[in-house]
Amino acid sequence: MTLSFLPLAAMAQDAIEADDIKATPYKNEIGISTGLAPSFFKKYSGTEVWVTTRLTYLHNMNNTQLGLILEGSALPWDDGNIIATIVLNKKFPVGKSYFYVGSNAGFYYADAISKSPFNDVKKTGYTLGIQAGLSLHLSNRFSFFSEIGARSTQYWFEDYYRFERNHWGVKEVEWIRYIDNGFLISLPGTMGIRYRF
C-alpha cells in the first residue's frame, strides 16, 4: 500500500519547484509509515507480531533531527497500544538522500480492544529504543523512507488474585487487587512517505 504512493509523490511536484532547490534544506519533515513490530519476552503471552502505523514529525538542524513519533499498534485478536516518543537522529547525507541513526524515549499505553471482562487490562509504562534508516529522495518535497529499530518497554498494570476460603462451612471467594509489571523487547520495521516543508 505504501509503495503505491511513490509515483504519486513524484508527480505531485510542481515543475517550477525543480528550479527552486536552495542550498538550505527544508527544516521540517512529516511522514506516515506502516510495518511490523515483533515483540519478545512479553509476560503471559511470549512472542507476538504487532501491525504498526506511525505519524512522524522531524525538525532538521544541519545533520541532526529532533522530533516526535506517535505510533499505534494492534494484534489480530484483541490488544492495541499507543506509543508516543521523542526521537533524536544523526544524519549521514548521500547526495539528496541520507542514512540516519538515533535513539528514542517515551510513553507506552496498551489496552484490550475487545473489552472482554477477562482481558480488559490497561498497561502504562515507558519505552527506550534505537533506530536506523534510509530516507530516499524522490522529489524536492517527498522522500521514501525505511526504518528498523530495537525497543525495550517496561510497563505496569492492575490485576486481581482469586482467593478462596471456607468460613464456617461456607465457601467464600475474594478477589485481591495488586499491581503487576511486565517487560518486552520489540524490533519494529516500517516504511513510508515523508513530506518536507
Side-chain angles (χ1 to χ4, degrees), residues 1-6 9 28-59 65-89 100 102-135 143-162 175-195:
M1 179 174 157
T2 302
L3 294 176
S4 66
F5 289 110
L6 293 179
N28 301 290
E29 299 181 27
I30 56 172
I32 185 167
S33 60
T34 187
L36 299 175
S39 298
F40 310 92
F41 310 117
K42 188 172 182 184
K43 200 169 188 177
Y44 308 124
S45 57
T47 301
E48 298 173 336
V49 179
W50 294 74
V51 177
T52 186
T53 301
R54 291 181 181 175
L55 296 175
T56 304
Y57 166 75
L58 297 170
H59 179 71
Q65 293 177 318
L66 180 65
L68 300 170
I69 295 177
L70 181 62
E71 178 178 332
S73 301
L75 288 172
W77 46 95
D78 63 0
D79 280 349
N81 68 40
I82 295 174
I83 299 173
T85 59
I86 296 173
V87 61
L88 179 65
N89 290 329
Y100 62 92
S103 60
N104 64 78
F107 173 76
Y108 173 88
Y109 173 81
D111 197 358
I113 296 171
S114 68
K115 300 301 179 187
S116 163
F118 301 103
N119 196 33
D120 188 13
V121 178
K122 297 176 176 62
K123 304 167 187 171
T124 57
Y126 66 88
T127 182
L128 301 169
I130 56 174
Q131 68 276 339
L134 167 67
S135 179
S143 64
F144 167 78
F145 75 98
S146 182
E147 180 180 294
I148 57 172
R151 183 168 60 208
S152 68
T153 302
Q154 176 73 50
Y155 59 87
W156 291 265
F157 59 96
E158 182 180 284
D159 208 345
Y160 292 86
Y161 173 74
R162 189 174 189 268
W175 293 92
I176 301 172
R177 175 183 173 274
Y178 69 99
I179 301 298
D180 203 350
N181 64 78
F183 174 80
L184 61 91
I185 298 288
S186 300
L187 303 175
T190 60
M191 60 178 59
I193 295 290
R194 285 183 185 158
Y195 176 74

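Residues take their numbers from the sequence shown, with the count starting at 1.
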* Asked: What distance separates Tyr108 OH from Trp156 CH2, expressed to the nearest 0.5 Å?
  -> 12.0 Å
* To do: Compare every heavy atom of Gly192 with every heavy atom of Phe144, then report the nearest pair and how far apart it is.
  => CD1-O, 3.3 Å
* Pairwise distance CZ(Phe157) to CD1(Ile179) - rounded to 0.5 angstrom -> 9.0 Å
* Identify, with sequence neighbours excluded, every residue that meets side-chain hydrogen bond (donor to acceptor under 3.5 Å, both in side chains) alongside Ser186. => Ser39
* For Ser135, side-chain hydrogen bond (donor to acceptor under 3.5 Å, both in side chains) partners two or more places apart -> Ser143
* Asked: What's the shortest heavy-atom distance between Leu187 and Ala150, and which atoms?
  -> CD2-CB, 3.8 Å
* Asked: Are any of the side-chain heavy atoms of Thr127 and Tyr155 separated by less than 4.5 Å?
  -> no
* **For Ala132, side-chain contact (heavy atoms from CB on, under 4.5 Å) partners two or more places apart** => Val101
* Got a sec, which residues hit salt bridge (Lys or Arg N to Asp or Glu O under 4.0 Å) with Arg54, two or more places apart in sequence or on another chain? -> Glu71, Glu147
* **All side-chain hydrogen bond (donor to acceptor under 3.5 Å, both in side chains) counterparts of Glu158, not counting sequence neighbours** => Tyr160, Arg177
* Asked: In chain order, what residues pass the side-chain hydrogen bond (donor to acceptor under 3.5 Å, both in side chains) check against Tyr57, with sequence neighbours excluded?
  -> Asn28
* Asked: Can you list the steps and then say if Thr190 with Thr34 is a side chain to side chain contact (heavy atoms under 4.5 Å, CB included)?
  -> CA-CA 5 Å; Thr190 60; Thr34 187; over 6 Å; no
* How would you list, by chain and number, every residue that makes a side-chain contact (heavy atoms from CB on, under 4.5 Å) with Ile148, sequence neighbours excluded? -> none
* Partners passing side-chain contact (heavy atoms from CB on, under 4.5 Å) against Leu66 (at least two apart in sequence or in another chain) -> Met61, Ile86, Leu88
* Can you see which heavy atom on Val49 is nearest to which on Leu75, and at what distance? => O-CD2, 3.5 Å
* **From CG (Asn89) to CG (Asn104), nearest 0.5 Å** => 8.5 Å
* Between atom CZ of Phe40 and atom OG of Ser152, what is the distance when rounded to the nearest 0.5 Å? -> 14.0 Å
* Asked: Do Asn181 and Gln154 have side chains that get closer than 4.5 Å, going by heavy atoms?
  -> yes
* Asked: How about Tyr100 and Leu58: do any of their side-chain heavy atoms sit closer than 4.5 Å?
  -> no
* To do: Answer yes or no: is there a side-chain heavy-atom contact under 4.5 Å between Arg151 and Ile83?
  => yes
* Asked: Between atom CG of Leu134 and atom OG of Ser146, what is the distance when rounded to the nearest 0.5 Å?
  -> 7.5 Å
* To do: Return the set of residues passing side-chain contact (heavy atoms from CB on, under 4.5 Å) with Leu70 (not counting sequence neighbours), or none when no residue passes.
  => Ile82, Ala84
* How many angstroms lie between atom CZ of Phe145 and atom CE of Met191, to the nearest 0.5 angstrom? -> 10.0 Å
* With a 4.5 Å limit on heavy-atom distance, are the side chains of Thr56 and Ile30 in contact? -> no
* Structure fact -> Of all heavy-atom pairs linking Ala110 and Asn81, the shortest is CB-CB, 3.7 Å
